[in-house]
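Have a look at this one before I ask anything.
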Amino acid sequence: MNTTISELARQDGKTVTLQGWVYSKRSGGKVVFLQLRDGTGICQCIVEAKDGDIFESAKDLTQESSLRLTGVVRADERAPGGFEIAATALDVIQIADEYPISRKAHGIDFLMSNRHLWLRSRGPTIVLRIRHTIIKAIRDYFDADGFTLVDTPVLTPGAGEDAQTLFEVDYFGEPVYLTQTGQLYLECAAMALRKVYCFGPTFRAEKSKTRRHLTEFWMVEPEVAFAELDDIVDLAEGLICAIVEAVLARHEQDLLELGRDLAPLRRVQAPFDRITYTDAAETLRSAETRALLEEELERDRARLAEWEQTVADLERQHDEAKKAWQKDKLDVELQHLRQDVQELERDLESRPQHIELAQNFAWGKDLGGSDETIISKLHAKPVFVTDYPREAKAFYMKQSAESAGTVRNMDLLAPDGYGEIIGGSQREEQVDVLVRRIQEQGLDPADYDWYVDLRKYGTVPHGGFGLGVERTLSWICGLKHVRETIAFPRLMGRIYP
RNA sequence: UCCGGCGUAGCUCAAUCGGUAGAGCGGGUGACUGUUAAUCACUAGGUCGUAGGUUCGAGUCCUACCGCCGGAGCCA
């Protein structure tokens, strides 16, 4: 009977057939241990010399060879996972060529060039499954709340906004661009269906080589008619809580395997703090913040000293180690640790500068990366920052009635320096104000005629936001780089495979 | 675009002062009844990123270029 590794616990004592790939092999004189991988898990299979022909074929198997294996399921505490299979039949589909990815350490360049194979490794499969859970949680959240999914176009005409970050495509001789947001189209759909969302890829030709940037990433954007900023913030808060809850419900073990600390994720429950940009600016400049940051700096300096001590200890163990492979193992550990030390050193070096930047923060400027990190450090959960200065923001955001100079927008900052994962706003619904803002930003009103029409034919207050799937995933999984959150990442300078 | 770092075997990395290119893993052959990155023995495997230059002699020093990594700006 065909089965999968995920179902094995229910098959104790039965004879089953698994279909999969060789994850690793260890052989003794009269026994071969295969770690079999079938896409649902990993299971140890044993072939013994008394099994005859299949023992000979098992000895020839290489890493990632494909096969069907039949055998008896039995519980055994010596087996990783608790169950193993004693083989009775082995049908080799293909003996794999020498597989480039071993279970040893590899450099990121090599892994990225072999992403098509790297996907089979433990970490990538876990992250892809969590990605699936997050996307499903997002869709369930909106679907359960009466939203309609509306797909917006990927090819868009050349509306002026910052052409530097647009990818140009030849459209029958006309230049058109890959979408950066479905928002403007979604506003039209919201006037038809009231609550809508789109979910698709988005393209930015930013020349950014950092751990937070992809040139192609996935974004979900809800848009709601008759909604004001507070409604949009509530919606975003509920979404983040629903996502984190879904991931915790299904992936605690996976997160632990990725080395993620679960406590901060369990804290992610409504309500999140909501501060205005003006509050944030004051906080950045305050003496209390300075004191807090300097205390933290001292703590981290102590931590650095501890890490350096650990490095010294490991170096001593390395010198004392007799076996070559023990030295090698320690080398790998040391390499990681030294990298962490180096990163912390660099971080510590730049922090006094960041404190100064924050202390001298001028109202009117957009929050910089280091400012965002400081704000998020002062909050145990994700935090909303609202009402930014008008000049720093897009033309379609609604101008505040009460205090001139700001707009009704919001960003959600993820903890631990993961940065902005949501950006949204209430939209400007007054036709005259909107047209003036288009002109003030040096855009051609003719390009936006259709968009302005929404304000002529039954305009209503409305708003929405965009959530970046990869940054959210990166934060939840505690990854160092967003390139690991998508099967085939597209980065500046990397398009293969 | 700017700043910093790194390019040596299939992979991860050594190579002291400029003086015969090395180890582990992976591959191959063999040994071993229970392995947990198995172990042990033997073995094959190199355009030292590319092009110049200095030198009796360059992986090592100099110049330029290319590639990758990290960061800044900008952003989700």
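Here is the naming used below: chain letters follow the sequence lines, and residue numbers restart at 1 for every chain.
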Quick one: salt bridge (Lys or Arg N to Asp or Glu O under 4.0 Å) partners of Lys365(A), sequence neighbours excluded?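 Per chain and number, Lys365(A) pairs via salt bridge (Lys or Arg N to Asp or Glu O under 4.0 Å) with no residue.
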
Could you tell me whether Gly107(A) contacts a base, only the sugar-phosphate backbone, or nothing, with contacts defined as non-hydrogen atoms closer than 4.0 Å? sugar-phosphate

Sequence-aligned protein contact record of nucleotides 27-35 of chain B, with B where the base is within under 4.0 Å of a protein heavy atom and S where only the sugar-phosphate is: S----BBBB

Could you label the plane-to-plane angle of the Phe465(A) and Phe142(A) rings as parallel, tilted or perpendicular, counting under 30° as parallel and over 60° as perpendicular? tilted

Think Arg211(A) has a side-chain N or O under 4.0 angstrom from the OP1 or OP2 of rG71(B)?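 Indeed, a polar side-chain atom of Arg211(A) lies that close.
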
Return the 5'-most residue of the pair His106(A), Lys209(A) with respect to RNA chain B, ranking by each residue's nearest nucleotide. His106(A)

Proximity to RNA chain B (any heavy atom under 4.0 Å), residues of residues 109-127 of chain A only: Asp109(A), Phe110(A)

Residues in salt bridge (Lys or Arg N to Asp or Glu O under 4.0 Å) contact with Glu237(A), at least two apart in sequence or another chain: Arg274(A)

Heavy atoms only, 4.0 Å cut-off, all strands: where does Glu206(A) land among base, sugar-phosphate and nothing? base

Enumerate, atom names and distances included, each donor-acceptor pair closer than 3.5 Å involving a side-chain atom of residues 36-50 of chain A, sequence neighbours excluded.
residue, atom, partner, partner atom, Å
Arg37(A), NE, Glu64(A), OE2, 3.3
Arg37(A), NH2, Glu64(A), OE1, 2.7
Asp38(A), OD1, Thr40(A), N, 2.8
Asp38(A), OD1, Thr40(A), OG1, 2.7
Asp38(A), OD1, Gly41(A), N, 3.3
Asp38(A), OD2, Ile5(A), N, 2.9
Asp38(A), OD2, Thr40(A), OG1, 3.4
Thr40(A), OG1, Ile5(A), N, 3.2
Thr40(A), OG1, Ser6(A), N, 3.0
Gln44(A), OE1, Gln35(A), NE2, 2.9
Gln44(A), NE2, Glu84(A), OE1, 3.2

Tell me, please, which residues at least two apart from Glu440(A) pass salt bridge (Lys or Arg N to Asp or Glu O under 4.0 Å). Arg436(A), Arg437(A)

Across the strands shown, which category fits Ile101(A) at heavy-atom distances under 4.0 angstrom: base, sugar-phosphate, nothing?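 Nothing, no nucleic acid heavy atom in range.
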
Can you find a donor-acceptor N/O pair under 3.5 angstrom joining the side chain of His213(A) to the base of rC75(B)? yes

Should Tyr99(A) be counted as stacked on rG26(B), where stacking needs a ring-centre gap under 5.5 Å and an angle between planes under 30 degrees?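 Here Tyr99(A) fails the 5.5 Å or the 30° condition.
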
What pairs with Gln359(A) under side chain to side chain contact (heavy atoms under 4.5 Å, CB included), at least two apart in sequence or on another chain? Arg290(A), Ile355(A)

How about Met410(A) and Ile232(A): do any of their side-chain heavy atoms sit closer than 4.5 Å? yes

Look only at the side chain of Ser65(A) and the backbone of Ala96(A), and say whether a donor-acceptor pair between them is shorter than 3.5 Å.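 Yes: the side chain of Ser65(A) pairs with the backbone of Ala96(A).
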
Are Phe110(A) and Trp118(A) close enough that their ring centres sit under 6.0 Å apart?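 Not close enough - the centres of the two rings lie 6.0 Å or further apart.
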
Phe217(A) has its side chain closest, among rG71(B), rA76(B), rC68(B), to rA76(B)

Tell me: CE of Met492(A) to P of rG71(B), nearest whole Å? 14 Å

Does His481(A) reach a base, just sugar-phosphate, or nothing at all? Heavy atoms under 4.0 Å.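 The residue His481(A) makes sugar-phosphate contact but no base contact.
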
Kindly state whether the ring of Tyr177(A) and the ring of Phe203(A) have centres lying under 6.0 angstrom apart. no

Going by side chain to side chain contact (heavy atoms under 4.5 Å, CB included), name the residues that satisfy it together with Phe199(A), two or more places apart in sequence or in a different chain. Ile135(A), Ile138(A), Arg139(A), Leu149(A), Trp218(A), Val220(A), Val469(A)

Summarise how protein sits on nucleotides 43-49 of chain B as a single string, 5' to 3': B when a protein heavy atom is under 4.0 Å from the base, S for sugar-phosphate-only contact, - for no contact. -------

Can you pull out every salt bridge (Lys or Arg N to Asp or Glu O under 4.0 Å) where at least one residue sits in residues 487-497 of chain A? Sequence neighbours excluded, please.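 Those involving residues 487-497 of chain A are Asp109(A)-Arg494(A).
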
From the options rA76(B), rU1(B), rC75(B), select the nucleotide whose nearest atom is closest to the side chain of Lys207(A). rU1(B)

Residues two or more places apart in sequence or in another chain: which of them pass side chain to side chain contact (heavy atoms under 4.5 Å, CB included) with Pro153(A)?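 For Pro153(A) the side chain to side chain contact (heavy atoms under 4.5 Å, CB included) partners, ignoring immediate neighbours, are Tyr185(A).
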
Under 4.0 Å from OP1 or OP2 of rC74(B): is there any side-chain N or O of Arg212(A) that close? no

In terms of relative ring orientation, are Phe147(A) and Tyr197(A) parallel, tilted or perpendicular, with 30° and 60° separating the classes?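 Rings of Phe147(A) and Tyr197(A): perpendicular, as their planes differ by over 60°.
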
Looking at rC75(B), does its base get a donor-acceptor pair with the side chain of Arg471(A) below 3.5 Å? yes

For RNA chain B, write out the stems as range with range, using runs of 3 or more consecutive Watson-Crick or G-U pairs with both distances under 3.5 Å. B:1-7 with B:66-72, B:10-13 with B:22-25, B:27-31 with B:39-43, B:49-53 with B:61-65

If you take atom types as modelled and just measure distance, does the side chain of Ser208(A) reach the base of rC75(B) with a donor-acceptor pair under 3.5 Å? no

